[in-house]
Student: 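One structure coming up, written as structure tokens, with questions to follow.
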Amino acid sequence: MYKTFLSWRYLVTRRTNLIGIVGIFVAVAALIMILSIMTGFLEQTKAMVRGGLSDMVVLPPTRITQGPYRQDHLHTALDLLREDERIVAASPRLTYYAMLGLGGSRSYIDRKLTSDPTHGGRSVVEVVGVDSAGEWRLASSVLAANAALQGFNVEIPEFQDEQETSGFGPALRRDPHEDRPRATPVPFPEFPFTPPRGYMPDGRPKVACIVGEQLFHSLYLSVGDEITLVTMLPTEADEEGGGGIDAIKRAFVIAGTFRTQDNEMDGGRIYVPRAELADMLNDGRDYTEIVTKLVDFDTDAVALKADLETRLGELNLLDLDGPGGDPYPGQIRTWEDFRASLIGAIQNERVLMAIMLSLILVVAGFTIFSILTMMVTEKRRDIGILAAVGATPNGVLCTFLLIGFWNALLGSLLGCAIGVLGAIKIDTIEQWLSRTLNIQIFNRDVYYFDTIPSRVEPLPVTLIVGGAFLCTLMFAAIPAWRAGRLHPLEALRYE
């Protein structure tokens, strides 16, 4: 009982202990806030970059996508994928790169694309040809309702498109960013490639496209504008054995915008109907990849990827053992594979920040070590009296060790409370500081986040508090051990 009483009395009567408590408080609060913000950044970035990506992509070899039996290969692969219970949907996609130009009254943007270095990267865009089954869904629902009224049980064939396999559907329905007021989502997402209302072709493009919100904004485009996509394709060899390059152009009308929240995708991608892009390229290929959506990505992704590699390899739809004469043997990639460098960089930053901020705990530990060392020296007389009246060496050791415990307890609890509250209210705190100091602390245009992301997880908070306790007790153990070893006669010799 005397150990608790004396340790608490020594703590409150010696104000220098407040320095150790404040040090632990600052370390714990900073660790919780920074790691919660970095975790929020990681989760928000994952959600952002995953917005326009599917869970898993099958990239067949070029010999299959350009071979004479490409449709047979496609149907075989789709049947295999759709039969797997771990896969919700699968659909083909055709991807190619093209030069972007604008015609008619907006031709001045062509000059801006080529002359302005800030827009030079916009001149090459990724053109993605996708399937849209809006008409099929409407017709199948009418057929099913009619069959039900007639008392028939008719099984309607399933047709899976891009909206079921990737983030294409949510990207069409997402509201524009507050700094992109001119962006215009398509009015009917189920029919995304419908030309804009009131648009009369009269010799102009009849096929509509959907432009990324950031590309749309940066080039000052409008719904109803016409764009021209230019691709370069090699020609067949002539009699002399040489070949050339053909420039293929096709015009489209802008039907609206999409927003995935991924800067790279929203600033450099255009969606068009897959059949239209295949007709434009006219090189014997009508798909380049098959995108899939999984029932549970976190649980099934690794095992499913290995299974599909084996099963597609057995059907000769993948050449995973080697190129086999094909310049592009094909592969299977998850959305994390496409963004591995970005996600890995944020995870590394999170670990480095935790390591650097942990040094504050070490500094606080050294402070407590110094305070207790001085206290042991000053309390030699008290230690001698305690030993003389029957206190054991372990009792003296526990008394001074409890002082470190109270430092850790008060500092950790205060740091935990303030750290969690600060992490939850970080956006409000940042806005108040920005107004008060008249500076912009967090630039939302740079990160493309509307708010500062933060996520408080119980396990890291528990580890931080536990680490603070462990670090404090380790530094307090040495002075406490010295106090326990002090002989009572030695302690009272000069008293």
Side-chain angles (χ1 to χ4, degrees), residues 11 16-48 342-372 401-434 436-437 439-444 446-447 449 451-480:
L11 177 74
T16 51
N17 284 298
L18 184 62
I19 299 174
I21 295 174
V22 171
I24 297 172
F25 158 74
V26 171
V28 171
L31 271 171
I32 291 176
M33 288 183 62
I34 296 300
L35 289 184
S36 297
I37 293 172
M38 293 301 295
T39 301
F41 264 90
L42 181 60
E43 296 300 321
Q44 187 77 5
T45 303
K46 283 184 176 182
M48 182 188 70
L342 176 60
I343 295 174
I346 297 177
Q347 289 175 334
N348 289 339
E349 290 175 6
R350 183 169 173 245
V351 173
L352 290 174
M353 290 293 292
I355 294 174
M356 289 187 290
L357 289 174
S358 297
L359 296 178
I360 304 177
L361 274 178
V362 177
V363 173
F366 273 113
T367 303
I368 291 173
F369 171 81
S370 302
I371 293 172
L372 287 180
L401 196 60
L402 277 172
I403 299 174
F405 173 82
W406 296 125
N407 278 275
L409 181 65
L410 294 175
S412 298
L413 290 181
L414 289 174
C416 181
I418 298 300
V420 170
L421 182 62
I424 295 173
K425 300 291 186 180
I426 185 63
D427 199 63
T428 304
I429 295 172
E430 181 273 332
Q431 292 178 9
W432 177 78
L433 287 175
S434 296
T436 303
L437 302 177
I439 59 174
Q440 189 176 31
I441 298 176
F442 180 79
N443 189 347
R444 287 160 175 77
V446 173
Y447 294 99
F449 298 143
T451 59
I452 300 177
S454 178
R455 180 178 177 180
V456 180
E457 295 182 336
L459 180 59
V461 172
T462 303
L463 292 177
I464 290 171
V465 173
F469 264 95
L470 181 62
C471 180
T472 304
L473 294 178
M474 287 177 59
F475 279 97
I478 298 176

Student: Between atom OG1 of T472 and atom CD1 of I21, what is the distance when rounded to the nearest 0.5 Å?
Tutor: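 Answer rounded to 0.5 Å: 10.5 Å.
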Student: Got a second to check how far T428's OG1 is from L433's CG, nearest 0.5 Å?
Tutor: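 That separation rounds to 11.0 Å.
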Student: To the nearest 0.5 Å, what is the distance between CD1 on I371 and CZ on F475?
Tutor: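 The CZ atom of F475 is 13.0 Å from CD1 of I371, to the nearest 0.5 Å.
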Student: Would you compute the distance between atom CD of Q431 and atom CD1 of I426 and round it to the nearest 0.5 angstrom?
Tutor: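 Q431 atom CD to I426 atom CD1 measures 10.5 Å (nearest 0.5 Å).
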Student: Can you tell me how far the CD1 atom of I24 sits from the CZ atom of F469, to the nearest 0.5 Å?
Tutor: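 Taking CD1 in I24 and CZ in F469, the distance rounds to 8.5 Å.
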Student: Minimum heavy-atom separation for L372 and A476, please, with both atom names.
Tutor: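 Looks like CD1-CB, 3.4 Å.
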Student: So do the side chains of L42 and M38 get within less than 4.5 Å of each other, counting heavy atoms only?
Tutor: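 The answer is no; the side chains never approach within 4.5 Å.
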Student: Locate the shortest heavy-atom distance separating G23 from A364; write the atom from each residue and the value.
Tutor: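 Scanning both residues, the minimum pair turns out to be C-CB, 3.7 Å.
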Student: Hey, is the main chain of A423 close enough, under 3.5 Å, to the side chain of S454 for a donor-acceptor pair?
Tutor: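 Side chain of S454 to backbone of A423, a donor-acceptor pair under 3.5 Å: yes, one is there.
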Student: For residues 407-421, run the donor-acceptor check on the side chains, cut-off 3.5 Å, and write out each pair with its distance to 0.1 Å, sequence neighbours left out.
Tutor:
| unit_1 | atom_1 | unit_2 | atom_2 | d |
| --- | --- | --- | --- | --- |
| N407 | ND2 | I403 | O | 2.7 |
| S412 | OG | A408 | O | 2.7 |

Student: Given side-chain hydrogen bond (donor to acceptor under 3.5 Å, both in side chains), test E43 with T39 step by step and report yes or no.
Tutor: CA-CA 6 Å; E43 296 300 321; T39 301; over 6 Å; no
Student: Please report the shortest heavy-atom distance between L361 and L31, naming the atom on each side.
Tutor: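 Where L361 meets L31 most closely, the heavy atoms are CD1-CD1, 4.0 Å.
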Student: What distance do T462 atom OG1 and E457 atom CD have between them, rounded to the nearest 0.5 Å?
Tutor: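 T462 atom OG1 to E457 atom CD measures 11.0 Å (nearest 0.5 Å).
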